[in-house]
Amino acid sequence: VAFAQILRINVNTYGIKKILPALLLAILAANFSFLFCRLLVDLANIVMSLFIEKQVDNTTLSAGFSGDWSNPSKWNPPLNRSGVGNILWFLVAQIFVIVGAVLVLILAYLFFIRIWMIYFLVVLAPLAFMATVLPATKSVFTQWWSNFAKWVFLPVVSIFWIWLGNQWAGSIAGDPMMSYVFAGIC
């Protein structure tokens, strides 16, 4: 606007005046984009640690998974069944354990990929904030924000469902097979 006045260039200053506040805010947001991204990642990690660190009964989430596997009575069927019933119960329990192990490995892989995706998205954050200036490029910011929120809050949602399954699995005393089913669903 100032250069247009000094050089006596006849330009439509309404468009420039309209975009100037958005440009200043975008420049400010781009400068603080690393801090903003770090705050969101730290917030997600704090919420995730609430589910990992302490449960309702003051045990950790990992202690719920490790359990007392040295006790063979844990793997005995809950009711007196025939030999075929015992074998079937044991096979179904093993299937749930194997499926659970595969799902935990997939989740570990996603958590590993999450770190690199967040690094990449943090690098792109200043460009994404600058994209909010023009109406034609606002979709770039929306797409960046969608991806960033998904990758940042992935462990919060995942650990919540694992925590919920672990809580319910520990609360069912009658039929351990039902606890395996619900923990597997979560």
Side-chain angles (χ1 to χ4, degrees), residues 1-3 11-12 14-56 59-67 95-170 180-186:
V1 174
F3 286 118
V11 293
N12 185 4
Y14 174 73
I16 296 173
K17 288 179 183 177
K18 183 179 176 187
I19 212 166
L20 194 59
L23 179 65
L24 292 176
L25 286 175
I27 290 171
L28 201 64
N31 283 325
F32 291 106
S33 64
F34 177 72
L35 177 66
F36 175 71
C37 293
R38 186 171 177 176
L39 286 174
L40 281 178
V41 171
D42 286 343
L43 175 71
N45 289 340
I46 289 170
V47 172
M48 182 180 61
S49 71
L50 292 175
F51 292 114
I52 292 175
E53 301 256 336
K54 295 289 179 186
Q55 292 182 5
V56 176
T59 61
T60 61
L61 184 62
S62 60
F65 281 114
S66 62
I95 288 171
F96 279 114
V97 168
I98 291 170
V99 167
V102 168
L103 291 177
V104 167
L105 285 174
I106 291 170
L107 199 58
Y109 175 73
L110 282 175
F111 285 177
F112 178 74
I113 296 298
R114 170 190 179 255
I115 294 168
W116 294 103
M117 286 301 294
I118 288 177
Y119 287 160
F120 179 69
L121 290 169
V122 167
V123 168
L124 294 179
L127 297 174
F129 282 115
M130 290 303 292
T132 61
V133 174
L134 300 174
T137 59
K138 283 190 182 189
S139 64
V140 172
F141 174 77
T142 306
Q143 185 179 8
W144 174 86
W145 176 251
S146 172
N147 284 321
F148 186 72
K150 286 177 192 174
W151 284 107
V152 165
F153 293 106
L154 169 77
V156 175
V157 174
S158 303
I159 296 296
F160 169 75
W161 284 108
I162 291 172
W163 174 81
L164 184 64
N166 194 22
Q167 288 294 321
W168 197 51
Y180 290 140
V181 169
F182 184 76
I185 290 172
C186 287

Is it true that atom CZ of Phe111 has more than 12 heavy atoms of other residues, nucleotides or ligands lying nearer than 6.0 Å? yes
Atom CG of Asn147 and atom CD1 of Ile118: how far apart are they, to the nearest 0.5 Å? 11.5 Å
Out of the candidates Trp145, Trp144, Trp116, only one should pair with Leu121 under the side-chain contact (heavy atoms from CB on, under 4.5 Å) rule; please name it. Trp144
When rounded to the nearest 0.5 Å, the distance separating CD1 of Ile113 from CZ of Phe120 is 13.0 Å
For residues Val41 and Phe148, determine if any side-chain heavy atom of one lies less than 4.5 Å from a side-chain heavy atom of the other. yes
Quick one: pull up CG in Asn45 and CG in Leu50 and give me the separation to the nearest 0.5 Å. 11.0 Å
Side-chain (Ser146) to main-chain (Gln143) donor-acceptor, under 3.5 angstrom: no
OG/Ser158 to CZ/Phe160 distance, rounded to the nearest 0.5 angstrom? 11.5 Å
Under 3.5 Å donor-acceptor pairs involving side-chain atoms of residues 129-142, not counting sequence neighbours:
from   : atom 1 : to     : atom 2 : distance (Å)
Thr132 : OG1    : Phe129 : O      : 2.6
Thr137 : OG1    : Ala131 : O      : 2.6
Thr137 : OG1    : Leu134 : O      : 3.2
Thr142 : OG1    : Lys138 : O      : 3.0

A side-chain contact here means heavy atoms from C-beta on lying under 4.5 Å apart; do Asn31 and Ile27 qualify? yes
Can you give each donor-acceptor pair under 3.5 Å made by side-chain atoms of residues 19-26, sequence neighbours left out, with the distance rounded to 0.1 Å?
none

Closest approach of Trp151 to Arg114 (non-hydrogen atoms, all atoms of both residues): O-NE, 2.9 Å
Spatial distance of atom OH (Tyr119) from atom CG (Leu124) [nearest 0.5 Å]: 15.0 Å
